[in-house]
Protein chains: 2
Amino acid sequence: MLSFFTVDCLIFTFHEGKLKVLLNERNEYPYRDWWAMPGYFVDKQEEMEEAVNRIAYEHTGLKNIYLEQLAAMAGLKRHPEGRILTVAYMALVRYDDVKNKVKPVTNYMRQAKWFDVSDVPELAFDHNDILKLGLKKLKRNLNYSTAPFELLPEKFTLTQLQQIYEAILGEMLDKRNFRKRMNNLGYLKELEEFQTGVSYRAARLYKLDKRKFLKLFT
Amino acid sequence: MLSFFTVDCLIFTFHEGKLKVLLNERNEYPYRDWWAMPGYFVDKQEEMEEAVNRIAYEHTGLKNIYLEQLAAMAGLKRHPEGRILTVAYMALVRYDDVKNKVKPVTNYMRQAKWFDVSDVPELAFDHNDILKLGLKKLKRNLNYSTAPFELLPEKFTLTQLQQIYEAILGEMLDKRNFRKRMNNLGYLKELEEFQTGVSYRAARLYKLDKRKFLKLFT
DNA sequence: ATATAATGTGTATTTTTTACACTATTAAAT
DNA sequence: ATTTAATAGTGTAAAAAATACACATTATAT
């Protein structure tokens, strides 16, 4: 009746204009020395989402992050010792919130590093497939999800938002048309506050009006 | 290292203008006498998709059907004996192709029956949640997937296609606008054939041009 | 004062979406 | 032969959304 299984988590963030994903260098058989999504076994008495939160917490120092389930992978040949089912998630975190910029070494993992999503090496197991799934889902649901805002601070500029759209869609967008569209969405609140600490004209800050967002999409 | 887990499958079809889902009446603890999605344990040496295909075959007599994975459910309390992880799929089948209109009784299952999706009782386990997920996914991906065509014969009329869109979206569509939109998709082939056996004006038949569809969406 | 770096804005055009009602065709019934 | 019943099939005008495109404005640093 017992079930050993793992969860793996694509942790995405946005930094310096790029969409990044956090990967581990494995220190354990199989795929020792390969890069892989953070992941581990789910404890017997632990809910699956708790396990994902635990793993994400170990890597980022953050709790209660945004999570979406991507897929269950259960191929008989994905692990040399036999089938190990894994449930893959994706998490979205704000770069500035991340506490441990580099995850301390454990016995099964050497280091963690942010990779630009367009520059990811061949990964352990079926993790490249999972990454593709994650990026595809992010892209497909872009207009119906709060995902872009999970990658930004609570108050953000339209340029930051546009950069995230561009990173997720993989194409450049026209500034004026983008702003027009965003203002028509109906769930962005224009604040009377402005960026600080920049050596050029400070941009206006916006925030997501979650109530209005939910009204539109539920 | 061993992993017992199940797969469950929402089998959808379209009949008499309604979207239908095939459900089993359980004859086994837990949830004896409740209706549930068809599902069962995955054999130790069996791929997960094989298992889904096997279950769908037992219920419909069909092989190589359209499948999409929906979610993994692993709540500690979903089964009274402890966690049983299940991976939920949805399948789409053509009603006219289904061989066994009623599934023979087995020791764990009393009968199978098509339910109108808008008239489904309270189901075993978390199966109502899974049904909601399935319907939501069907709706959200309607315009990027071959799903509507999986529910229709190879050659179909635009009215049939419109009925499927309406059933999935849960709203009525305007005939002229719908036809205009379908003709602009670029992947419907207008045939020089017409319906037969109807006692009124026979409608033109169409079919999906899969090559063109794939070009657009890959 | 000047240079720098990014912000913020409008209009014309095209495309897409929406609203809306009647004639055409076929088979069956009389 | 005519009528009835049932569904197929069609066009246009209006509104809304998407696109293409360039320059003046503002804040800071020197």
Side-chain angles (χ1 to χ4, degrees), chain A residues 14-18 139-144 148 152-153 155-207 212-213 216-217, chain B residues 14-18 139-140 142-144 148 152-153 155-207 212 216-217:
Chain A
F14 184 75
H15 185 52
E16 292 174 341
K18 303 270 190 181
K139 198 165 167 176
R140 175 155 294 181
N141 294 343
L142 185 55
N143 295 312
Y144 322 104
L152 286 172
K155 300 172 182 182
F156 52 83
T157 71
L158 290 183
T159 298
Q160 291 172 320
L161 186 59
Q162 182 175 344
Q163 286 173 338
I164 287 183
Y165 269 73
E166 289 173 342
I168 291 175
L169 294 173
E171 61 179 316
M172 294 294 112
L173 302 173
D174 177 85
K175 183 153 79 160
R176 279 178 290 191
N177 294 338
F178 180 78
R179 283 163 183 248
K180 210 185 309 169
R181 190 149 65 86
M182 290 303 116
N183 282 316
N184 285 338
L185 289 177
Y187 53 79
L188 284 195
K189 211 185 290 177
E190 180 179 299
L191 302 178
E192 291 309 320
E193 290 176 66
F194 295 83
Q195 251 181 333
T196 55
V198 288
S199 73
Y200 44 78
R201 177 175 179 182
R204 182 185 288 277
L205 297 174
Y206 289 76
K207 62 187 227 183
K212 289 194 180 157
F213 180 88
L216 283 169
F217 294 106
Chain B
F14 184 75
H15 185 54
E16 293 175 340
K18 303 271 191 182
K139 198 164 166 175
R140 175 156 293 181
L142 185 55
N143 295 311
Y144 322 104
L152 286 171
K155 300 173 182 181
F156 51 84
T157 70
L158 290 183
T159 298
Q160 291 173 320
L161 186 60
Q162 183 175 344
Q163 286 172 337
I164 285 183
Y165 270 72
E166 289 173 341
I168 291 176
L169 294 173
E171 59 179 318
M172 294 294 112
L173 302 174
D174 176 87
K175 182 153 80 160
R176 279 177 291 188
N177 293 339
F178 180 78
R179 283 162 182 248
K180 208 185 314 168
R181 190 148 66 84
M182 290 302 116
N183 282 318
N184 285 338
L185 290 176
Y187 54 78
L188 283 194
K189 211 184 290 176
E190 180 179 298
L191 302 177
E192 291 308 319
E193 291 175 65
F194 295 82
Q195 254 181 329
T196 54
V198 287
S199 73
Y200 43 78
R201 179 175 177 180
R204 182 185 288 276
L205 296 174
Y206 289 76
K207 64 187 224 185
K212 290 194 180 160
L216 283 170
F217 294 106

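Residue numbers start from 1 in every chain, and the chains themselves are labelled A, B, ... in the order their sequence lines are given, proteins ahead of strands. All heavy atoms count here, side chains included; hydrogens, waters and symmetry mates do not.
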Judged by each residue's nearest nucleotide on DNA chain C, which is more toward the 5′ side, A:T157 or A:S199? A:S199
Tell me whether the side-chain N or O atoms of A:N184 pair up with the base of D:dA17 as donor and acceptor below 3.5 Å, since no angle test is needed here. no
Distance criterion of 3.5 Å, no angle test: do you see the side chain of B:K180 paired donor-to-acceptor with the base of C:dT18? yes
Choose from C:dG8, D:dA29, D:dA18 the nucleotide whose nearest atom is closest to any side-chain atom of A:R181. D:dA18
Checking A:E166 side chain against A:L173 main chain: does a donor-acceptor pair fall under 3.5 Å? yes
From CD of B:E190 across to P of D:dA8 the rounded distance in Å is 15 Å
Pair A:Y187-A:L216, side-chain contact (heavy atoms from CB on, under 4.5 Å): steps then yes or no: CA-CA 9 Å; A:Y187 53 79; A:L216 283 169; 3.6 Å; yes
Nearest whole Å is fine: how far is D:dG11 P from B:F178 CZ? 18 Å
Between P of D:dG9 and CG of B:N183, the distance in whole Å: 11 Å
Could you tell me the separation between the CG atom of A:L173 and the C1' atom of D:dA20, rounded to a whole number of Å? 14 Å
Touch check for A:T159, heavy atoms < 4.0 angstrom, all strands: base, sugar-phosphate only, or nothing? sugar-phosphate
B:N177 side chain: which of D:dG9, C:dT7, C:dA19 is closest? C:dA19
C:dG8 C1' sits how many Å from A:Q160 CD, rounded? 16 Å
Identify, between A:L158 and B:V198, the residue whose nearest nucleotide on DNA chain C lies closer to the 5' end. A:L158
Under a 4.5 Å cut-off applied to non-hydrogen side-chain atoms, are B:L205 and B:T157 in contact? yes
Once you measure the plane-to-plane angle for B:F156 and B:Y206, does it fall in the parallel (<30°), tilted (30-60°) or perpendicular (>60°) bin? parallel
When the distance from CE of A:M172 to C1' of D:dA20 is rounded to whole Å, what number comes out? 17 Å
Could you check whether A:R204 gets within reach of a base, just the sugar-phosphate, or nothing at all, counting any heavy atom under 4.0 Å? sugar-phosphate
What is the separation between atom OH on A:Y200 and atom P on C:dG8, rounded to the nearest whole Å? 11 Å
Side-chain donor/acceptor of A:R201 to base of D:dT26, under 3.5 Å: no
Carboxylate-amine/guanidinium proximity below 4.0 Å for A:R204 and A:E192: yes
Where each residue is assigned the nucleotide of DNA chain D containing its nearest heavy atom, which of A:D174 and A:A202 is assigned the position nearer the 5′ end? A:D174
Spacing of A:F194 atom CZ relative to D:dA27 atom P, expressed in whole Å: 8 Å
Between A:R176 and C:dG10, does any side-chain N or O lie under 4.0 Å from OP1 or OP2? no
